[in-house]
Amino acid sequence: MERILEQIPRFFTADNMALLLQSAGLTLAMTVAGCVIGFGLAFVLVYLRQTPGRWALPLRVICVAYVEVFRRIPFIVVIYLVLFFIQTVASNASLFTIAVISICIYAIAYTAEIIRGGLESVPLTQMEAARAMNFGRLRTLVTITLPQAWPVILPPAIAFAVSFIKDTALVSQIGVFELTFRGKELNNQGYSGILVFGTIAMCYFLMSFPLSMLGQYLEKRLATPRSEQSARKIRRT
Amino acid sequence: MPHLAVNNLRAKYGALEVLKGVSFSIEKGQVVALVGPSGSGKSTVLRTLVGLTPVTGGNVTIHDDKIDYASSGSLRRARDQMAIVFQQYNLFQNMRIIDNVTVAPVKIKKRPKDEARADAERLLAMVGLADKLNAFPDQLSGGQQQRVAIARALALHPEILLLDEVTSALDPELVNEVLDSIRQLAKDGMTMILVSHEMAFVREVADKVVFMDGGSVVEEGLPEVLFDAPKTDRAREFFGKILRH
């Protein structure tokens, strides 16, 4: 305990804090890039998965297999797979790129299920009305289904991204200078583990908490019936 | 030459054959009513016409032009000529009333926005909803929603309007406002195929009644003939039961 107290002034220097801030930024950047790109690609996957017709069967099988396989593999294994695969095809790829690709691959598999569930929550009759009016599949998705599915999709999608801020700690295993890796480094320099990782824990919390709050806010807002929302709007104007 | 002819139409839900060879035809400007007990396949006929339930046999012709439901081009042309109003209205919940009515004309039929909007306002005024343009569907009563659905279908300027039990989901006191709208359309010469349990209404507006049971047409004819002097036992039993009161 005395050792920790004695180390505090030496640990909380501008240099160390800058390093931590940089690593926190990297963690956040990886998560945001991976989840946003993954979320976008998950839409493509869900759309392809719903392609009708006999000729599209292989496509549907691939899409289902992707989701089922990657949801059953530990994230750390995905990271190593991507690392070794990328290194054989492009040896100069940065570790950051590899980390983002890994997060993407994982995020696609998870958010695709969230998106599919959201789309399936919209009554089939909405799509039938659109089809009977000659709406194409993509137009129905964009103008009818998706706007009604957002309230179901967004809260769990944000929850997934928030939880992934923590899970990115695993990419420290391949040497990306993110928060956990930096923690180990500082620990190796002789700083108390409790001090270092306590600070690191606080950093994770500070990154996740505002996002969680945003998620909760959106959930509440999206769950409000439209009649009340517009009533509020009218009262305001 | 009939406007639309249904010839020996067959359809299945999975293994269950719901249409076992249905035939009838409709002339331009006519109102044909499909009546019969629940599960007789009346609604399925309408769903099949617009390609929502797959056809497994027979065919449908519009102006002697055979619709090929397997071809997306042919199906698109068929849907261009018909508009359907559903029992549960099926208004787009994410759109205001005015957008519900203009979305297909603007995005699918590529009509100019202001023209489509003027048309929609006229149609909504016709069904008595000129003051609800900016409301959302869940802010309207069932009868109002169903009238919006009728306006939405008319905005497509269909040659044939299909009405699938449009009043059965409504409170009794809201039924008349919807029937009035349909009455007006019949007067204006709209070609309509309607599925209905409102026998008094059918008798009033229909030029021809098609009585279905178990996936086939049992008997068809003028409403007064079919209702008052049916030839088949099945029709006599059905109309005897429901018209007695």
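A note on names: the letters A, B, ... follow the listed sequences, proteins ahead of strands, and every chain is numbered from 1.
For the 3.5 Å distance criterion, the side chains of B/D164 and B/S43 qualify, holding a donor opposite an acceptor. Side-chain contact annotation: A/Q148 with B/N94, donor-acceptor N/O pair under 3.5 Å present. Using modelled atom types, one finds a donor on one side chain and an acceptor on the other under 3.5 Å when comparing B/Q184 with B/D188.
With respect to chain A, the highest number of heavy-atom pairs below 4.5 Å among B/L91, B/V85, B/I84 belongs to B/L91. Ranked by non-hydrogen atom pairs under 4.5 Å with chain A, the options B/R76, B/Q88, B/R152 are led by B/R76. Contacts with chain A were tallied for B/R47, B/K109, B/M82; B/R47 has the most, counting heavy-atom pairs under 4.5 Å.
The aromatic rings of A/F39 and A/F43 sit perpendicular, their planes meeting at an angle over 60°, well past the 30° parallel limit.
In this structure, CD in B/Q87 is found 10.5 Å from OG in B/S196, a value given to the nearest 0.5 Å.
For B/A83, no part lies under 4.5 angstrom from a heavy atom of chain A. Contacts between B/D80 and chain A at a heavy-atom distance below 4.5 Å involve backbone atoms as well as side-chain atoms.
A pairwise comparison of heavy atoms in A/M127 and A/T140 identifies CG-CG2, 3.9 Å as the closest pair.
Counting heavy atoms from C-beta outward, B/R147 and B/E177 have side chains that approach closer than 4.5 Å.
Residues of residues 111-133 of chain B having a heavy atom under 4.5 Å from any heavy atom of chain A: none.
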Q. Can you list the steps and then say if A/F164 with A/F75 is a ring pair (Phe, Tyr, Trp, His ring centres under 6.0 Å)?
A. CA-CA 10 Å; A/F164 223 88; A/F75 182 49; 4.9 Å; yes

